[in-house]
Every structure is written in C-alpha cells, then in structure tokens.
Amino acid sequence: MRRVVVTGLGMVSPLGGDVETTWKNIIASKSGAATIARFDATDYKCRIACEVKPADHEYGYDASIDVDHKIQRQVDPFIVYGISAASQALRDAGLDNMSEEERLRAGCSIGSGIGGLPGIESESLVLANKGPNRVSPHFVHGRLINLISGQVSIKYGLMGPNHAVVTACSTGAHSIGDAARMIAMDDADVMLAGGAESAICPIGIAGFAQARALSTGFNDTPEKASRPYDVNRDGFVMGEGAGVVVLEEYEHAKKRGAKIYAEVIGYGLTGDAYHVTAPHPEGNGGFRSMQMALKRSGLALEDIDYVNAHGTSTPLGDELELGAVKRLFGDHLGSMSMSSTKSAIGHLLGGAGAVESIFCILAMRDQIVPPTLNLDEPSESCKGVDLVPHVAKERKVRAVLNNSFGFGGTNASLIMKAI
Amino acid sequence: MSETADRVKKIVVEHLGVEAEKVTEDASFIDDLGADSLDIVELVMAFEEEFGVEIPDDAAEKIATVKDAIDYIDSKA
C-alpha cells in the first residue's frame, strides 16, 4: 500500500482564525467559551457556546481572506469555515498553485455532521412568513454538506475524488481516514480532508439541549462548563469551526521536498449497534475502533505517547471512553498522556476529529501535549491516567491516537506518527 | 442619476460583492458583474422587496443589464 503523510494544516476555531493562533491559545490554557453572542439565548436552558470570534477580536476570524463576499452571503457558515481551513492547508503545503496534471490527481473529502442548520432555520422562517417565492435560490446548495468539497474543488480546480463524510461527531476523523485510503488505493496523490460545523443557532442549541447533551449548569461561568472527566461535568459545550489537512502520497511529498508533519498509519472504524445517542455500556465500539487502528498501524501500545480523547464532558460518554482506553492500554497506561481539547474549544461536532487530529500533529511537532481544562476533581476512574489537568505538559510525543465517536453509534480512531 | 438607479445599484453591490464603480447602467449582470443565473433570480427577488413590485419570470428573463432593471422598475412605479 502507498504511504500517506500530512503536509498541510488549516483551521478555524473558537480560539483562532488559523492553526498557529489556536494552538498558542490551547497551550496557554485559554477557553473559547462565552455567553452566546449570535442570538439572544436568555430563555434557553443552555446559554453558552464556543463561537468563532469576529475579525476584530484578539483571536478572531476574517472570512474575507479566502472567501468571496458573494459566497459568504450565499452559503452557511460551516462552508465558509471549511473553505478558509482548506485554503490555509493548501498554502501551508505549498500546493495552492498546482498544474492541471497535478490537479487531476488531487481531491477533497471535507464533511460536516449537520450541515447548514442556521440557513435551514432562517429560510424556513422566510417560507412561513413570506411564502415560497421568497426562499433564496441559493438555499439548497448553500446548505448541503458536500458543498465544502464542492466549493473548494471549484476554487482550486481539484478534479480528483470529490467526497463528503457525514457521520455526526466522527465526521472529521472518518474524512481523514477515508481520504488516506483513497491515496493508498491510488485514486489520488493529494487529498484535502477534514470537517466543519456551525450549528450554533436557536434550533441547534434547543435541539441538543432537548437531547440532554449540552451543559446547562454553568451558564454564569461559561469557561468552566466544558470539564471532561471532572465529577461535576454535565454535558458538552457547542463549538464551531473547521479543520482541514492536506494528505499526500509519501513519495509525491518527498519528491517535491514538502514539509512532512506526520504519517497516517492507523485507521479504525466500527459501529456500536446499540443506541442512537448513548454509547455502548462497555464502550465496545470505541474499544474495537482503537484496536483496529492499532493493528493497522503496526505499532505497539508503548509507542503511543498521546491520546486526544473524544472526551466531550458528558457524564456517560467520558466514563465509557476512559474505560475502553484503560482496557486497551492495560499495563502501558502509565506511559501515555491523554487529554480532551474540547475543554478549551468545545465540541466542534463534524469538525472535531479534524481539528483534534491537527492538535495531535502539533503535539508531535512541538513535543508538548495540550491540557484538559477544568479538571478540578477527577472522577474515581481517572486514577492511573495522566489526563494533563489545567496546564500543557512538555513530553516526548512519537505517535498519537485520536478518537471520535458520534450519534448513531459510529466510531473512528486515527493513529499518526512523526517521521 | 435617478433615485431608482441609486437603490438598484446599492442592491447589486451588496448582492454580487462588486465595486460600486463597476455597476454602470450598461453593465451586464452576467458578462460584466460575474453573476450567474441564480444570482439574477436573487437580485430580482431583492428588487421586488425593495420596490414593492412584482417581476414575473418572463420579464425577469429580459433583465440583462443594470439599465434593464431600472427601466422595468420605473415602468411599474
């Protein structure tokens, strides 16, 4: 099989409009959570979120750098974030100006968990209040999940595979894993892979709150709300943004002298076959997903130094993932560190696995692991696991494991190593 | 410049994200201002809202330039 490496990174997050700003803030233990600014959430059970900040903010995001004004008006924010992250990643890889021959072998696999929920909500109101002839002609293609891949392929002329994964909160990780396989199987030499989300809108917050998934007990202290593994955790904090990586066939990258961040060496994907929102009570799906990725990677457990956990800060999910990780690592638990960066940027849903894979890569680059914020009182089961409470930790990081689990009982695990 | 022309041009600038100087009366939405057929549908909707007029599809299809839009709206005023 052809080897697949990561040669470019791009990101839009609640802690920055690019990779380096976000990473600096993550390592500095900053939180992107605040009272929802986009709409008046006074009457909502959950009134907080990790929103992407406006351009004039200290670590804000400027859409106009990479997205035309007209497109910004016509499409939902998740697509705008996705185009920005993809553009950054291509530039980082030095591939934003490929020849036609190269572009025939370059594709996109950038997905989303939900897609254009804010636009579906607002255009439904237009339909109800003003009638069918006032619905935007851009309504459909401005909301579709595969339209990040569509828009990016048009912007950069990428004529290879054009794909989009939809697996709820596993989307970002599945996108990278699937795209790596497309390169391994010789369908393409270069793939933009990742995920994006922007569902912080009235129906999105109301819906997740009604599903009892969101934190509702920290509305007055938003930065304390996302607290994976802490005994007082009470649900996740909604985030938004996008993460996109450039995946490239190893020889192709080497030949052009590209900067190589990491190699994608393991990918596992399983189904819980249990419940639409609750994880399997023994965490079996997640366990088998990690196990599959490990087998594919050819690594031993002691080679993995860092796990970026799914760790959403829900009472049930954190405990079950922790149990599965402990079962998998067994005697080697003590030599690795595991943290949840959702404590800082919230849960990016379809973007989570991609953004967190980038954090894993940067942990290897900088030999530092990001912290789990707000872990004031770890639950009993945390004993023996280094969950990197409160502050980042410098340590050796040779290989990393990233977990993402989603509604529907869908699980994905990725293993990458430095080369 | 008529008041209608000012308001039409403002809508075009906002919807198509083009510079105001480019929106001359002779400018073609598709050839000069980078619009596609769906952008024109959206522009026509915006004109209808702004001026409180109804622009039926067969009339909308004949609106190719900024001047066409201004003239049609003025004819209905």
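The shown structure was predicted, so the numbers you read here are calculated from the model rather than taken from an experiment. Chain letters run A, B, ... following the sequence lines, proteins first, then strands; residues in each count from 1.
- To the nearest 0.5 Å, the span separating CD1 on A:Ile83 from CD1 on A:Ile71 amounts to 5.5 Å.
- Residue pairs meeting the ring-ring contact (aromatic ring centres under 6.0 Å, His included) criterion with at least one member in residues 93-126 of chain A, sequence neighbours excluded, do not occur.
- Remark: A:Ile200 CD1 to A:Phe78 CZ distance equals 14.5 Å, nearest 0.5 Å.
- Listed by first then second residue, pairs satisfying ring-ring contact (aromatic ring centres under 6.0 Å, His included) with a partner in residues 20-66 of chain B number zero, not counting sequence neighbours.
- Interface residue B:Ala35: only backbone heavy atoms are found under 4.5 Å from chain A.
- Judged as a ring-ring contact (aromatic ring centres under 6.0 Å, His included), and not counting sequence neighbours, the contacts of A:Phe208 are A:Phe236.
- Contact check for A:Leu95 versus A:Val190: side-chain heavy atoms found under the 4.5 Å cut-off.
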Please report all inter-chain donor-acceptor pairs (under 3.5 Å) between chain B and chain A, with distances to 0.1 Å.
from: B:Glu14; atom 1: O; to: A:His69; atom 2: NE2; distance (Å): 2.9
from: B:His15; atom 1: NE2; to: A:Arg73; atom 2: NH2; distance (Å): 3.2
from: B:Gly34; atom 1: O; to: A:Lys70; atom 2: NZ; distance (Å): 3.0
from: B:Asp39; atom 1: OD1; to: A:Gln74; atom 2: NE2; distance (Å): 2.6
from: B:Asp39; atom 1: OD1; to: A:His138; atom 2: NE2; distance (Å): 3.1
from: B:Asp39; atom 1: OD2; to: A:Lys70; atom 2: NZ; distance (Å): 2.6
from: B:Glu42; atom 1: OE1; to: A:His138; atom 2: NE2; distance (Å): 3.4
from: B:Glu48; atom 1: OE1; to: A:Arg134; atom 2: NH1; distance (Å): 3.0
from: B:Glu48; atom 1: OE1; to: A:Arg134; atom 2: NH2; distance (Å): 3.3
from: B:Glu49; atom 1: OE1; to: A:Lys130; atom 2: NZ; distance (Å): 3.3
from: B:Glu49; atom 1: OE2; to: A:Arg134; atom 2: NE; distance (Å): 2.8

